[in-house]
Amino acid sequence: MRKICSVVGARPQFIKLAVVSRVLRKRFQEVLIHTGQHFDANMSDVFFEEMDIPRPDYNLGISGGSHGQMTGQMLIELEKVFVQEKPDMVLLFGDTNSTMAAALAAVKLHIPICHVEAGNRFGTLDSPEEVNRTVTDHLSSINLPCTQSSLEFLKREGLGHTATVVGDPMYDAFCYYTQRLDGSELQELVDPDGKPLAVPDAFYYMTCHRQENTDTDEKLQHIFDALEALDAPTIYPVHPRNRERARRLAVQGGYKKLLLAQPVGYKTSISLVNHAKKIVTDSGGVQREAFFAKKPCVTVLDFVVWPETMANGYNQLAKPDKEDILEKLHREITFDPAYQPFGDGHSAEKIVEKIEEYWR
Ligand code: UDP
């Protein structure tokens, strides 16, 4: 049986791994490496537990520091694991420092790379994720974009021959786990002090943690001001990256409609998406989930990440500016039930088929 080393490190990668690993293990020996990039119980363990992800064979325990420090340490440690394990292929997901470090380690050892969620482009190397994605795409033997627009970017960079659209494993996960929700997952919300947080009947759901929106008080304050002017409270599970700033601003501003929470597990998050009136986010995953659930979404970013979600205003970009966010949130949006550019909920099978095909 051929051996595949899957490398993950951050929350959205655990979610993609959950659906792919289930299929992969029927036909390959999988060695699972967790770099340690996300390590808090509610950013890592909870996903392994509730999504039945196998225990990692290696946990490198590397997190924090500058981009260079983190990526460099991962490169050194991943190379050691690859030399020891001698995998037939390395399987990578998305666009984190863990992804790029693993790609660099593997390519220098002449191990072929399969990159899931390849091809997205913002059009600026100011974004650290863009750097990670671009490098990884160019080092991979198999690129598996989720959508047609991602394939087009790869073609423009001369990578069309490596690429096949397989659909989005985040859509697989959304379909699979939405069927397994029973409402109890909404009782798991806790506030920043660990006290239970009651979910109101009507609410908005926000996630916001990108460097671009959380590196100054001003932008996050504008976003909070917008939420305070809405007709229902907003539930906001705060990423550890901007926990301190969000808590301080929330206290200073005395916001009544802002419900801060600790990060939630995947099932709670998609349950919040499914029950929210509308979504505000800067997350690539959450803007797709809003689209999957047919909920209007405002993405507070300068860049289109998933052009397919932008059709008919389903997902709209806004500046971190109160008036802009409110204007976009107030627009009436109607979804076309037939429009589904993210595949059929079975991308994991297609991913594993493409991996098998490599040796045929
Ligand atoms: N998510 C979660 N708990 C939270 C916030 C988000 O499980 O408290 C989920 C969300 O539903 C989506 C994924 O995490 O599936 C998105 O991850 P993130 O925003 O960290 O990364 P991105 O998608 O921007 O790469």
Side-chain angles (χ1 to χ4, degrees), residues 8-19 37-51 53 63 92-100 116-118 120 122 127-130 132-133 136 146 150 168-178 181 185-186 188-192 197 199 204-214 234-243 246 259-276 279-293 295 297 299-301 303-306 309 315 342:
V8 291
R11 176 166 73 182
Q13 295 172 322
F14 309 144
I15 297 164
K16 289 156 209 161
L17 173 75
V19 290
Q37 189 172 342
H38 283 170
F39 56 88
D40 292 359
N42 56 17
M43 293 296 290
S44 176
D45 299 355
V46 64
F47 296 91
F48 284 80
E49 281 155 25
E50 73 174 2
M51 302 182 89
I53 306 171
S63 65
L92 305 178
F93 302 86
D95 55 18
T96 67
N97 288 341
S98 305
T99 314
M100 185 177 71
V116 171
E117 203 185 276
N120 302 60
F122 295 1
S127 153
E129 289 89 1
E130 181 99 338
N132 294 337
R133 250 191 327 261
T136 306
C146 300
S150 314
D168 185 356
M170 291 295 275
Y171 185 49
D172 294 19
F174 185 84
C175 296
Y176 182 88
Y177 289 98
T178 291
L181 301 177
E185 60 287 333
L186 288 180
E188 287 170 20
L189 277 157
V190 289
D191 73 11
L197 183 73
V199 175
Y204 295 82
Y205 178 36
M206 174 163 95
T207 71
C208 179
H209 68 270
R210 294 249 96 78
Q211 200 171 295
E212 296 91 315
N213 288 325
T214 58
T234 298
I235 297 177
Y236 174 27
V238 188
H239 194 286
R241 177 190 280 165
N242 60 321
R243 185 167 34 207
L259 304 177
L260 297 191
Q262 293 189 14
V264 295
Y266 177 72
K267 283 193 195 165
T268 307
S269 183
I270 58 167
S271 192
L272 289 168
V273 171
N274 278 308
H275 287 96
I279 316 282
V280 178
T281 192
D282 59 7
S283 151
V286 175
Q287 62 186 276
R288 269 128 83 209
E289 286 161 355
F291 176 83
F292 303 154
K295 300 287 173 160
C297 180
T299 296
V300 187
L301 265 186
F303 314 111
V304 173
V305 191
W306 294 96
T309 64
N315 179 18
F342 289 93

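First listed ligand is number 1; within each ligand, the first listed atom is number 1. Positions are given from 1, in the same order as the sequence printed here.
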Identify all side-chain donor-acceptor contacts of residues 38-45 below 3.5 Å with residues at least two apart in sequence or on another chain.
{"unit_1": "His38", "atom_1": "ND1", "unit_2": "Arg11", "atom_2": "N", "d": "2.9"}
{"unit_1": "Ser44", "atom_1": "OG", "unit_2": "His34", "atom_2": "NE2", "d": "3.0"}

Derivation of the side chain to side chain donor-acceptor pair (under 3.5 Å) call for Ser269 and Tyr205: CA-CA 9 Å; Ser269 183; Tyr205 178 36; 2.7 Å; yes
Atoms in ligand 1 flagged as close to Tyr266, the criterion being non-hydrogen separation under 4.0 Å: 7 (O), 15 (O)
Heavy-atom proximity to atom 2 (C) of ligand 1, best of Gly284, Pro237, Ser269, Pro263: Ser269
Contact summary for Ser127 and Phe122, nearest pair of heavy atoms: OG-CE2, 3.4 Å
Any N or O of Arg210 closer than 3.5 Å to N or O of ligand 1: yes
Short N or O distance, Gln262 and ligand 1, threshold 3.5 Å exclusive: no
Sub-4.0 Å heavy-atom approach of Arg288 to ligand 1: no
Identity and distance of the protein heavy atom lying nearest atom 5 (C) of ligand 1: Arg11 NH1, 3.2 Å
Over all atoms of both residues, closest heavy-atom pair of Ser150 and Ala118: CB-O, 3.5 Å
Numbering as shown, the atoms of ligand 1 that approach Phe47 to under 4.0 Å (heavy-atom distance): 7 (O)
Heteroatom distance test (Glu289, ligand 1): nitrogen or oxygen, under 3.5 angstrom: yes
Check against side chain to side chain donor-acceptor pair (under 3.5 Å), Thr214 and Asn242: CA-CA 6 Å; Thr214 58; Asn242 60 321; 4.7 Å; no
N or O contact, Tyr205 vs ligand 1, cut-off under 3.5 Å: no
Mutual orientation of the aromatic rings belonging to Phe342 and Trp306 [parallel < 30°, tilted 30-60°, perpendicular > 60°]: tilted
Atoms in ligand 1 flagged as close to Ser283, the criterion being non-hydrogen separation under 4.0 Å: 16 (C), 18 (P), 19 (O), 22 (P), 23 (O), 24 (O)
Ligand-side contact atoms (ligand 1) for residue partner His209, heavy atom cut-off under 4.0 Å: 18 (P), 19 (O), 20 (O)
Contact check, side chains of Phe93 and Leu17, non-hydrogen atoms, under 4.5 Å: yes
Gln262 side-chain N/O to Pro192 backbone N/O, donor-acceptor pair under 3.5 Å: yes
Distance from atom 25 (O) of ligand 1 to nearest protein heavy atom, with residue and atom: Pro12 CG, 3.5 Å
Numbering as shown, the atoms of ligand 1 that approach Val286 to under 4.0 Å (heavy-atom distance): 10 (C)
N/O separation below 3.5 Å, Gly285 to ligand 1: yes
Verdict with reasoning, Gln13 to Thr99, per side chain to side chain donor-acceptor pair (under 3.5 Å): CA-CA 9 Å; Gln13 295 172 322; Thr99 314; 2.8 Å; yes
Distance-minimising heavy-atom pair for Pro169 and Val19: O-CG2, 3.6 Å
Under 4.0 Å to a heavy atom of Gly265 - the qualifying atoms of ligand 1, by number: 7 (O)
Close N or O approach (Val264, ligand 1; < 3.5 Å): yes
pair His209-Asp282: side-chain heavy atoms closer than 4.5 Å: yes
Ligand-side contact atoms (ligand 1) for residue partner Ile15, heavy atom cut-off under 4.0 Å: 13 (C), 14 (O), 15 (O)
